[in-house]
Number of protein chains: 2
Amino acid sequence: MAASTLSEVARLAGVSLATASRVLNGSTRKPAEDIAERVREAADKLGYVPNAQAQALAKSSSGLIGLIVHDIADPYFSAIARGVQEAAHQQNRMVLLASTSGAPADEKEAVAAFAARRADSIVIAGSRSVRTEDKQGNTELAAELDRYCRNGGHVGVVGHPVVGASTDEGYHVVKVPNEELSAGLAAELAATHEGSFLIVAGPEGLYTSDDRVRGFQRGLADAGRPTAEVIRTGFNRAGGYEAGLALAERIKASKERLCIFAVNDVMAIGVTAALRPEGVWIPRDATIAGFDDIETLRDFRPALSTVHLPLEDIGRLAAGDPDTPPVSGAVKLRRSTETPVESQV
Amino acid sequence: MAASTLSEVARLAGVSLATASRVLNGSTRKPAEDIAERVREAADKLGYVPNAQAQALAKSSSGLIGLIVHDIADPYFSAIARGVQEAAHQQNRMVLLASTSGAPADEKEAVAAFAARRADSIVIAGSRSVRTEDKQGNTELAAELDRYCRNGGHVGVVGHPVVGASTDEGYHVVKVPNEELSAGLAAELAATHEGSFLIVAGPEGLYTSDDRVRGFQRGLADAGRPTAEVIRTGFNRAGGYEAGLALAERIKASKERLCIFAVNDVMAIGVTAALRPEGVWIPRDATIAGFDDIETLRDFRPALSTVHLPLEDIGRLAAGDPDTPPVSGAVKLRRSTETPVESQV
DNA sequence: TTCATATGGGAAAGCGCATTCCCGTTGCAA
DNA sequence: TTGCAACGGGAATGCGCTTTCCCATATGAA
């Protein structure tokens with residue numbers, strides 16, 4: 001990657017390096033218009049492209065914003081990524097992407113890499129975990145983040161604080177009211193659903209999942225309902241599918257219509273997909289609700305009841321966009337949890 | 001973003017800058033083990049993080065790979081992005097993201113920004129366009145890319161060559177057999193479908209869309225069928241939805257079962273979504289096929305007939321991964337195009 | 001013992017740019 | 001006419017690192 005340099009431009013224009021820099025790359029001092037024109041012409045003729053690395057080095061600010069997600073192809077993350085991207089664009093920065101499949105150890109690597117690139121800020125999306133196997137990874141991640149912040153970096157975390165991070169300068173959490181919203185969902189569901197509830201959750205220790213479970217249970221309790229059984233599985237479609245398979249027989253055997261709360265939309269879809277070939281229809285034989293309100297899944301039928309989350313805004317907020325409204329979700333009851341009376345089988 | 005520097009480490013370890021560099025950041029020359037240990041300790045104590053900008057500047061290679069997509073939240077692009085990300089990870093690079101909504105002018109900006117950051121290579125995903133409004137943008141984009149390549153950059157384009165780019169050194173197109181696959185889809189559909197066909201396409205001038213239309217028409221012709229009518233609309237869900245609205249009355253009025261080919265999956269979903277509330281059911285009243293085989297949409301019902309594209313592999317290939325198999329798609333006939341006999345309404 | 005040959009550390013020259021000084025001009029008031 | 005401020009351009013320094021070149025020491029053969 002060689003290219004023409006500023007000094008080449010300066011020489012061609014017959015001015016000094018300093019002047020060329022002032023003309024081309026913005027400065028408080030504006031050289032005279034005729035000189036500026038000469039420089040611009042020279043730059044144009046040479047196809048000059050400023051070396052951002054060198055600029056960053058010289059003024060120690062890279063114009064980079066690092067984004068850490070579990071999997072960029074997951075619609076949840078790609079929606080957040082879009083928000084981050086937009087914020088970055090507004091701030092005239094570029095986003096650096098890292099996918100980590102959620103392992104804190106990988107996330108630590110990513111943070112280090114971002115720090116190495118002197119990213120101005122880092123956004124971490126994806127649920128925090130307190131699982132024991134992640135213990136060490138979490139500690140290291142926290143240390144890495146602390147160091148990054150101490151060196152002047154800004155960190156935006158979606159959802160929960162990074163486990164063990166000392167809430168330092170520049171450290172900033174976009175709170176997602178998972179628990180409240182889940183409670184709200186439970187309340188609304190309890191209002192129309194008579195039978196029992198069941199929760200298909202992610203592995204224990206995943207904050208997002210745990211919060212939603214807790215909130216849902218609280219909502220049930222507030223509505224005078226018994227605690228729901230919780231099935232633990234993977235926090236993704238595959239996990240939901242597995243749970244669905246495990247549930248099919250049981251649903252068919254039981255007389256009552258079970259109401260399933262999958263802690264996110266893709267899991268709900270997975271459950272439904274597993275149930276369908278078994279002849280278990282939603283909402284006829286069981287009802288189901290998800291969480292996130294993933295855009296791509298909105299055309300899914302039966303329309304999935306869920307909790308809307310402004311994922312794009314969340315991304316924007318985490319990326320430090322000042323004029324993004326605070327996070328506020330909303331329960332969306334749709335066909336998948338309709339009561340039998342209204343439903344036409 | 002200040003942090004401890006290599007020279008601080010060197011001083012603390014009591015060695016020279018050169019030695020510290022050799023120990024910490026890899027070199028052909030390996031200093032003695034005891035010295036190396038001292039340096040590593042010092043680095044650790046200071047929390048040294050190498051400045052990648054400075055490294056890039058010094059060895060003129062940034063370890064960056066730029067990715068240009070229309071919209072990162074679009075599942076088509078996020079799947080490709082995942083592939084790129086994986087390839088980058090293998091190559092020990094990071095991916096820089098840019099979303100451009102498909103405007104060549106924006107893409108040109110993005111290329112310039114990547115070039116400024118001295119990205120080692122650039123991947124451009126998203127259909128090329130020859131629409132007149134994009135004429136100038138295309139020219140500029142081509143010029144920018146040419147310059148980038150001439151300076152030693154590598155470019156990987158998904159689908160079609162960038163309009164007007166002189167096929168230079170370092171310029172590399174991942175061919176997607178859109179036309180052939182569409183022809184194959186048409187052939188398979190023609191084998192079971194008696195009635196007429198209709199194509200819901202993107203705006204004229206969008207290569208991907210045009211290729212798929214052309215292929216489909218060819219496939220029909222080869223099967224002895226008349227040319228299908230083509231409806232032009234947006235190349236996204238909204239476009240499909242619009243087309244669906246426009247088609248509803250017509251389908252209801254007609255006696256025959258129309259077979260619709262939407263040139264991509266999200267458009268197909270859009271069409272279906274518009275048709276459903278009108279009482280037009282798939283595949284009872286009309287059949288529909290898409291293209292891409294988007295993962296998130298696989299649980300959609302009726303299951304969408306489509307053409308599978310190995311999007312992740314495409315991303316990998318475009319990012320220059322050597323051991324990724326060449327692109328090969330496959331027609332997937334599913335429920336949405338089943339013939340009446342087999343379908344249970 | 002002596003000279004040629006590794007071996008390994010250090011000094012220094014950049015990489016491409018921003019920026020701080022410095023200095024020659026110019027404009028204007030005194 | 002003189003003096004001073006304001007202006008605008010240039011030389012030089014440094015951002016943090018890699019890498020070449022040089023030099024001191026250790027090693028082996030003669």
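By convention in this document, chain letters (A, B, ...) are assigned in the order of the sequence lines, proteins followed by strands, and residues within each chain are numbered from 1.
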| Could you go step by step and tell me if B:Asn51 and A:Arg118 meet the side-chain contact (heavy atoms from CB on, under 4.5 Å) rule? | CA-CA 7 Å; B:Asn51 185 326; A:Arg118 297 301 185 266; 3.6 Å; yes
| Integer-rounded Å distance: C:dC17 C1' and B:Arg118 CZ | 11 Å
| Atom pair distance, as rounded to whole Å: CD in A:Glu33 and P in D:dC7 | 17 Å
| query | Do any side-chain nitrogens or oxygens of A:Ser21 fall under 4.0 Å of OP1 or OP2 in C:dA18? | reply | yes
| Any side-chain heavy atom of A:Pro50 sitting closer than 4.5 Å to one from A:Leu6? | no
| query | Is B:Glu133 atom CD crowded by more than 12 heavy atoms from other residues, nucleotides or ligands, each under 6.0 Å away? | reply | yes
| task | With DNA chain C as reference, determine whether B:Asp34 or A:Leu57 sits nearer its 5' end, using the nearest nucleotide of each. | result | B:Asp34
| task | Starting at atom CG of B:Leu17, determine the distance to atom C1' of D:dG16, rounded to an integer number of angstrom. | result | 8 Å
| request: Provide, to the nearest angstrom, the distance between the CZ atom belonging to A:Arg117 and the P atom belonging to D:dC15. | output: 22 Å
| said: Is it the case that the base of C:dG8 and the side chain of B:Arg22 share a donor-acceptor contact (distance under 3.5 Å, atom types as modelled)? | reply: no
| message | Would you say CD of B:Glu37 has more than 12 non-hydrogen atoms from neighbouring residues, nucleotides or ligands within 6.0 angstrom? | response | yes
| Per A:Leu6 side chain, nearest of listed nucleotides D:dA11, D:dT19, C:dC17 | C:dC17
| Quick one: is A:Thr19 getting a side-chain N or O under 4.0 Å of the D:dG9 phosphate, OP1 or OP2? | no
| message | So if I take every side-chain heavy atom of B:Tyr48 and compare against D:dC17, C:dC17, D:dG9, which nucleotide ends up nearest? | response | D:dC17
| note | Picking from D:dG10, C:dC17, D:dG16, the nucleotide nearest the side-chain atoms of A:Asn51 would be C:dC17
| task | Mind calculating the distance between CZ (A:Arg11) and C1' (C:dC17) to the nearest angstrom? | result | 15 Å
| query | Rounding to a whole Å, what distance do you find between B:Gln53:CD and D:dC15:C1'? | reply | 11 Å
| field | B:Ala18 side-chain proximity, nearest of D:dT19, D:dC15, D:dG16 | value | D:dT19
| What is the distance from CG of B:Leu24 to P of D:dT19, rounded to the nearest Å? | 14 Å
| Within less than 4.0 Å of OP1 or OP2 of D:dT18, is there a side-chain N or O belonging to B:Gln55? | yes
| Taking atom CG of B:Asn92 as the centre, does the number of heavy atoms from other residues, nucleotides or ligands within less than 6.0 Å exceed 12? | no
| task | Provide, to the nearest angstrom, the distance between the NZ atom belonging to A:Lys59 and the C1' atom belonging to D:dG16. | result | 17 Å
| request: Return no unless some side-chain N or O of B:Thr5 is found under 4.0 Å from OP1 or OP2 of D:dG16. | output: no
